[in-house]
Amino acid sequence: MALAGPPAGETWAPMSMAGDSTSGVMVAAVRVRFAPSPTGALHIGGARTALYNWLLARGTGGGGPGELVLRIEDTDRERSTPENVAQILEALEWLGIDYDEGPVMQSGRAERHAEVVAQLVDAGHAYRSTAGPEEVKAYKAAHGGAAGFRGTDEGEGAVRLRIPDEGTTVVSDVIRGESSFVNALLDDLVIARADGTPIYHLAVIVDDLDAGITHVVRGADHYSNTPKQVRILKALGAPEPVYAHVPLLHGPDGKKLSKRHGAASVQELRDAGYLPEAVRNYLALLGWGYDDTTTFFTTEQLLERFSLERVSRNPAVFDEQKLRHINGRYLRELSLDDLTARLETLTGRSGLRGAAAISQEKISTLAEFWPLAGFFFDGPADDPKARAKVLGGSDGRDALARAREALAEIPDPWDEAQVEAALTRVLEAGGYKPREVYQPVRVALAGTTVSPGIFETVALMGRDATLARIDAALAAESGVGAPEG
RNA sequence: GCCCCCAUGGUGUAUCGGUUAGCACGCGAGAUUUUCAAUCUUGUAGGACGGGUUCGACUCCCGUUGGGGGUACCA
């Protein structure tokens, strides 16, 4: 049975639906949309909203095969730039979120918006008024402060929608339940400026209606404005979509998430070396939970299990540490080919396979690879403190010299087992503790105290480079270490 | 100011009247150990407060406090 038919008397007639309505076109169970305004890079809050919509459209939680429409709400010409639009498209692509229609530019639908505004005026649902902020304020003051503004038809100025004086407007939300707003407290809202351009609320309603959107899944920052949009819908005699307002994301300080909070945009996440599949997993979990124990979900599982009913009502705080943890798990499960390819894409270098192999279990993000293994390609890192600490004393240099001797004697093939055997002999012969030999070698090759495993590192570096770096380190340090005190 | 929403450990969540309030991140300890990680074991920490309703409340109701959102001829 139908959920909510249009009120008697008027019916919404979409302007240009694909195909004709009489030919029995298959109607998607859910038609959702992601409608960002391109005022900056796509933030994780927006990314999560996009993800939820996508999971609904592509997964089974929406009740069947669905469709996702991407609409760019660019009616604010000041802040909407082509660069920002491009960034959003790029972010969605990186995240693996595809869509069936769009991107539809809201600005391109101005005529249609004007048409609906005119229709509303003609029907007596809206009127033109020159009242501005001051008049509205004065009106409220004159009516005891808490009263919705009611204007009079002046035949010119901005177009305002008439709001009833009686009754309430109920917003029904899958996540939040129902809540009602007293009509008398709602202002006659402006739906178009004096110059005829539409206001956001009008544009959203018309665009969603024309696109046949069944579920409006968006950030909770739109919740309080929903009654206004419902009023427009009622004036139009159009059915209401299912609403779902997902909780906002906050920064660690509890405030609404913004640029100040670090890795907040999708691009930054990508550059920081996070994997899109890990980001998807993490984002899904920010404000949603499936059961009492599951943390890791493949995208297939998310598609199968995600549902709006289980979305939380509380705002969530973005926790990069947890993202890192999840990312590390995904990263370690990557095949070596896959990992290598991703590292090469990120760094713009090639020939990373060997280093990738011995670094995989030590990094949590792709970006951590280069600091850990870049010395293979760019030479030892410049870390004076590490050199001073490990090779500054004669003990360290002696151990390094002995290691060099043992390594030089390794017969072909030069491999991990031989390296380990040689260094173990040094340990035994000199009565050294492992670190007393390994750290000097590590610093000689890497220039710093942190690197992949020492045997793997030496083996991968090869005989010539290893011996050369040790010689260079020995030469550089022998003159230093001046007597102190 | 007014309207609306929200409230489980530091963080994300599970629990939909009866549980020793579970899981994960973080943090602490231990194991492992060539650095750093990873891994394993283990510990730590929670129902904002006050009233009700009930045989019994984290769960339902009211209030308080706290947080958030909205309140534009912005989106």
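Every chain is numbered from 1 and lettered A, B, ... according to where its sequence line falls, protein lines coming before strand lines.
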Practice problem: Could you check A:E368 against A:K362 for salt bridge (Lys or Arg N to Asp or Glu O under 4.0 Å), going step by step and ending with a plain yes or no? | Solution: CA-CA 9 Å; A:E368 285 169 8; A:K362 293 180 179 293; over 6 Å; no
Scan [X] against the nucleic acid and name what it touches under 4.0 Å (heavy atoms): base, sugar-phosphate only, or nothing.
| X | value |
| --- | --- |
| A:H201 | base |
| A:T295 | sugar-phosphate |
| A:A131 | base |
| A:R442 | base |
| A:F455 | base |
| A:T449 | base |
| A:T130 | base |
| A:G219 | nothing |
| A:Y223 | sugar-phosphate |
| A:R160 | sugar-phosphate |
| A:S224 | base |
| A:D221 | sugar-phosphate |
| A:E361 | base |
| A:R128 | nothing |

In whole angstrom, give the distance that lies between atom [atom1] of [X] and atom [atom2] of [N].
| X | N | atom1 | atom2 | value |
| --- | --- | --- | --- | --- |
| A:K385 | B:U35 | NZ | P | 19 Å |
| A:L366 | B:A37 | CG | P | 19 Å |
| A:L423 | B:U35 | CG | C1' | 14 Å |
| A:W370 | B:A37 | CH2 | P | 22 Å |
| A:I205 | B:A75 | CD1 | C1' | 14 Å |

Quiz prompt | N/O (side chain, A:N225) to phosphate O (OP1/OP2, B:G70) under 4.0 Å | solution = no
[N] and [M]: how far apart are their [atom1] atoms, nearest whole angstrom?
| N | M | atom1 | result |
| --- | --- | --- | --- |
| B:G67 | B:U11 | P | 14 Å |
| B:A37 | B:A75 | P | 50 Å |
| B:U19 | B:G46 | C1' | 15 Å |

Quiz item: Are A:T299 and A:R280 close enough, and set up right, to give a side-chain hydrogen bond (donor to acceptor under 3.5 Å, both in side chains), and what steps lead you there?
Solution: CA-CA 7 Å; A:T299 297; A:R280 262 180 260 138; 2.6 Å; yes
Quiz item: What are the two closest heavy atoms between A:A473 and A:L400, and how far apart are they?
Solution: CB-CD2, 4.2 Å
Quiz item: Hey, which of these two, A:R48 or A:G453, hits RNA chain B nearer its 5' end, going by closest nucleotide?
Solution: A:R48
Quiz item: Between A:V450 and A:K228, who's closer to the 5' end of RNA chain B by nearest nucleotide?
Solution: A:V450
Self-check item: Stepwise salt bridge (Lys or Arg N to Asp or Glu O under 4.0 Å) check, A:D207 with A:R112
Solution: CA-CA 9 Å; A:D207 291 350; A:R112 172 59 175 158; over 6 Å; no
Quiz item: Residues from residues 185-199 of chain A sitting under 4.0 Å of RNA chain B, heavy atoms only?
Solution: A:L185, A:V190, A:R193, A:A194, A:I199
Quiz prompt | Candidate list A:V206, A:V190, A:L189, A:I191, test side-chain contact (heavy atoms from CB on, under 4.5 Å), partner A:H201, passing option | solution = A:L189
Quiz item: Checking only heavy atoms, does the side chain of A:K322 share a donor-acceptor pair with the base of B:A24 at less than 3.5 Å?
Solution: yes
Exercise. Record whether the side chain of A:K140 comes under 3.5 Å of the base of B:U71 through a donor-acceptor pair of N or O atoms.
Key: no
Quiz item: Given pairs defined as Watson-Crick or G-U wobble with both distances under 3.5 Å, what dot-bracket annotation applies to RNA chain B, with ( ) intrastrand, [ ] crossing, | other strand and . unpaired?
Solution: (((((((..((((....[...))))((((((.......))))))...(((((..]....))))))))))))....
